[in-house]
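Ligands are counted one by one from 1 in listed order, and the atoms in each one are counted from 1 as well. Below, each value reflects all heavy atoms present in this structure, side chains not excepted, and no hydrogens, waters or symmetry copies. Everything numeric in this text was worked out from a predicted model, so none of it was measured.
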Amino acid sequence: MKWRAYPADVLPLWVAEMDVPLAPPVAAALHAAIDAGDTGYPAGVDYALAVRDYAALHWDWRGVDVGRTAIVPDVMMGVAETLKLVTSPGDPVVVCAPVYPPFYAFTRSAGRTVIEAPLGADGRLDLDALDTALSAARAMSGRAALLLSNPHNPTGVAHTRAELEAVAAAAARHQVRVISDEIHAPLVLPGARFVPYLSVDGADDAFALISASKAWNLAGLKAALLIAGPAAAADLRRLPEEVSHGPSHLGVIAHTAAFRDGHPWLTTLLAGLAANRDLLGELLATQLPQVRYLPPQATYLAWLDCRALGLHDQDTAIDDHIVSDMAGPARMFFDRARVALSSGHVFGHGGAGFVRLNFGTSQAILRQAIQRMGDAVRSQE
Ligand SMILES: Cc1ncc(COP(=O)(O)O)c(C=O)c1O
């Protein structure tokens, strides 16, 4: 999608796909399946076993009980199905804004109401704002949910154990069920740690969604793992049968190989992403000194505060359905620099004036993009 959506002169640094070759163990598993004509329905618990072992080894978390897991078509379908388990139509779902835009769209199309809890200026959870939002949600319904991005897209924050314990305590106090989207978990960069939500005290009735799709660049190979905490096992058993019909067998094979054998590749990837994160800081300081950048602890996404450019109220014309999501600085960088970024305003409250830049690409492309963006700003001065 990243390289197909726009004309050839546009550098695409928007959707969360990386420009990397496929991890060799994943490629080998897929080749083996194709060579064997193994293209039927998925079966078995290998994906769950691979995640269980990966979590124990790399996150020091031994809480994945394969009996409390389900394979779902992808993370967002898993989120939507889990919302249906723990809330009813019209019930509120709290999200920490700004956040991954489908958190709004999927919640609303499931007939639920979004309540925003704004993040702090540092991009981290604001526990007081969260408490207020959970309280409002609880006042609306006895079946409310909190949808967490752990780590957080777009700010790249890796929530700490203390933060997550405070979330769990607040959720328990207001009797709100938590769904933790942990798709970016393997992408915590050197210097930070990933804390699985289900590993914190007080999170027993929560759900987590894990997937190899972001870290190993497998978005086209559909699968994800839904994990229920011990006190959510009965809810998980109510997952309708059709959900298990969605994941792709080749997706399950690829994701399983990634978690089982893909860590050496990931280690190299993370070193490259950390180098790109630093390079981006240097490039912005020289080319776009007006832009504020808090380097992410996780993900290959940079959340750039462009409000000083003064463009975020000037939403311009709409060309087509993808470009129409662009406004303010993203629109300007698209039109004048031919760089496609994700426009901050679609991430909800607090996003206008920001852009999300995907640095999961080559350093040559990154240099060229920031140079063009700098030129675009200078040409307007
Ligand atoms: C936080 C978050 N959740 C979910 C997704 C999408 O995952 P999937 O393709 O498995 O639905 C993304 C994709 O970028 C994401 O950033």
Side-chain angles (χ1 to χ4, degrees), residues 1-2 5 12-20 42 47 51 69-83 93-107 109-110 114 119 123 125 145-159 178-189 194 196-197 207-227 243 246-248 250-252 254-256 258-259 273 296-303 322 325 340-344 346-348 351 356-361:
M1 180 187 279
K2 187 179 171 188
L13 302 186
W14 61 295
V15 68
E17 296 175 3
M18 291 185 286
D19 301 329
V20 287
Y47 191 175
V51 169
T69 64
I71 298 175
V72 292
D74 56 30
V75 166
M76 286 314 299
M77 292 311 294
V79 164
E81 290 298 336
T82 310
L83 283 175
V93 177
V94 175
V95 304
C96 302
V99 73
Y100 180 57
F103 275 25
Y104 296 85
F106 280 65
T107 300
S109 79
V114 174
L119 295 176
L125 296 175
L146 164 64
L147 178 53
L148 207 59
S149 177
N150 177 35
H152 192 87
N153 172 4
T155 60
V157 160
H159 307 304
V178 179
I179 303 169
S180 185
D181 173 343
E182 306 195 335
I183 194 168
H184 293 284
L187 286 169
V188 172
L189 299 169
F194 168 64
Y197 184 73
F207 290 87
L209 283 138
I210 305 244
S211 169
S213 125
K214 289 299 117 178
W216 284 272
N217 211 33
L218 304 176
L221 291 157
K222 288 280 179 186
L225 192 71
L226 173 60
I227 307 173
V243 179
S248 128
L250 292 176
V252 173
H255 287 225
T256 304
F259 278 111
L273 292 180
Q297 297 177 298
T299 78
Y300 45 83
L301 307 167
W303 184 237
I322 293 171
D325 286 340
L341 304 162
S342 302
S343 184
V346 299
F347 291 74
R356 195 191 70 176
L357 180 149
N358 175 345
F359 58 82
T361 187

Task: Main-chain N/O of Trp14 paired to Arg356 side chain as donor or acceptor, under 3.5 Å - done: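 Checked: pair present.
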- [ ] Would you mind reporting whether Phe259 and Leu225 have side-chain heavy atoms less than 4.5 Å apart?
- [x] no
TODO: Decide yes or no for His152 and Leu119: does some side-chain heavy atom of the first lie under 4.5 Å from some side-chain heavy atom of the second?
DONE: yes
Task: Contacting atoms of ligand 1, where contact means under 4.0 angstrom from a heavy atom of Ile183 - done: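 So the atoms of ligand 1 that pass are 1 (C), 2 (C), 3 (N), 4 (C), 5 (C), 6 (C), 7 (O), 10 (O), 15 (C).
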- [ ] Identify, by atom number and element, the atoms of ligand 1 in contact range of Ala16, meaning under 4.0 Å from any of its heavy atoms.
- [x] 14 (O)
Task: side chain to side chain contact (heavy atoms under 4.5 Å, CB included), paired with Tyr300, selected from Leu189, Asn358, Leu357, Val20 - done: Asn358
Would you mind checking which non-hydrogen protein atom is closest to [atom], with the distance to 0.1 Å?
atom	answer
atom 14 (O) of ligand 1	Lys214 NZ, 3.2 Å
atom 6 (C) of ligand 1	Tyr100 OH, 3.2 Å
atom 9 (O) of ligand 1	Lys222 NZ, 4.0 Å
atom 11 (O) of ligand 1	Met76 N, 3.0 Å
atom 3 (N) of ligand 1	Asp181 OD2, 2.5 Å

Open item on the list: Test your reading of the structure: does Ala223 have an N or O sitting under 3.5 Å from an N or O of ligand 1?
Closed with: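 Among all N and O atoms of Ala223, none is under 3.5 Å from an N or O of ligand 1.
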Task: Distance-only N or O hit between ligand 1 and His184, under 3.5 Å - done: yes
- [ ] With rounding to the nearest 0.5 Å, note down the distance linking CD1 in Ile71 to NE2 in His255.
- [x] 10.0 Å
TODO: Measure Val75 to ligand 1 on non-hydrogen atoms and call it side chain, backbone, both or neither using the 4.0 Å cut-off.
DONE: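 Under 4.0 Å from ligand 1, Val75 contributes backbone and side-chain atoms.
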TODO: With heavy atoms only and a cut-off of under 4.0 Å, state how Asn153 meets ligand 1: side chain, backbone, both or neither.
DONE: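 Just the side chain.
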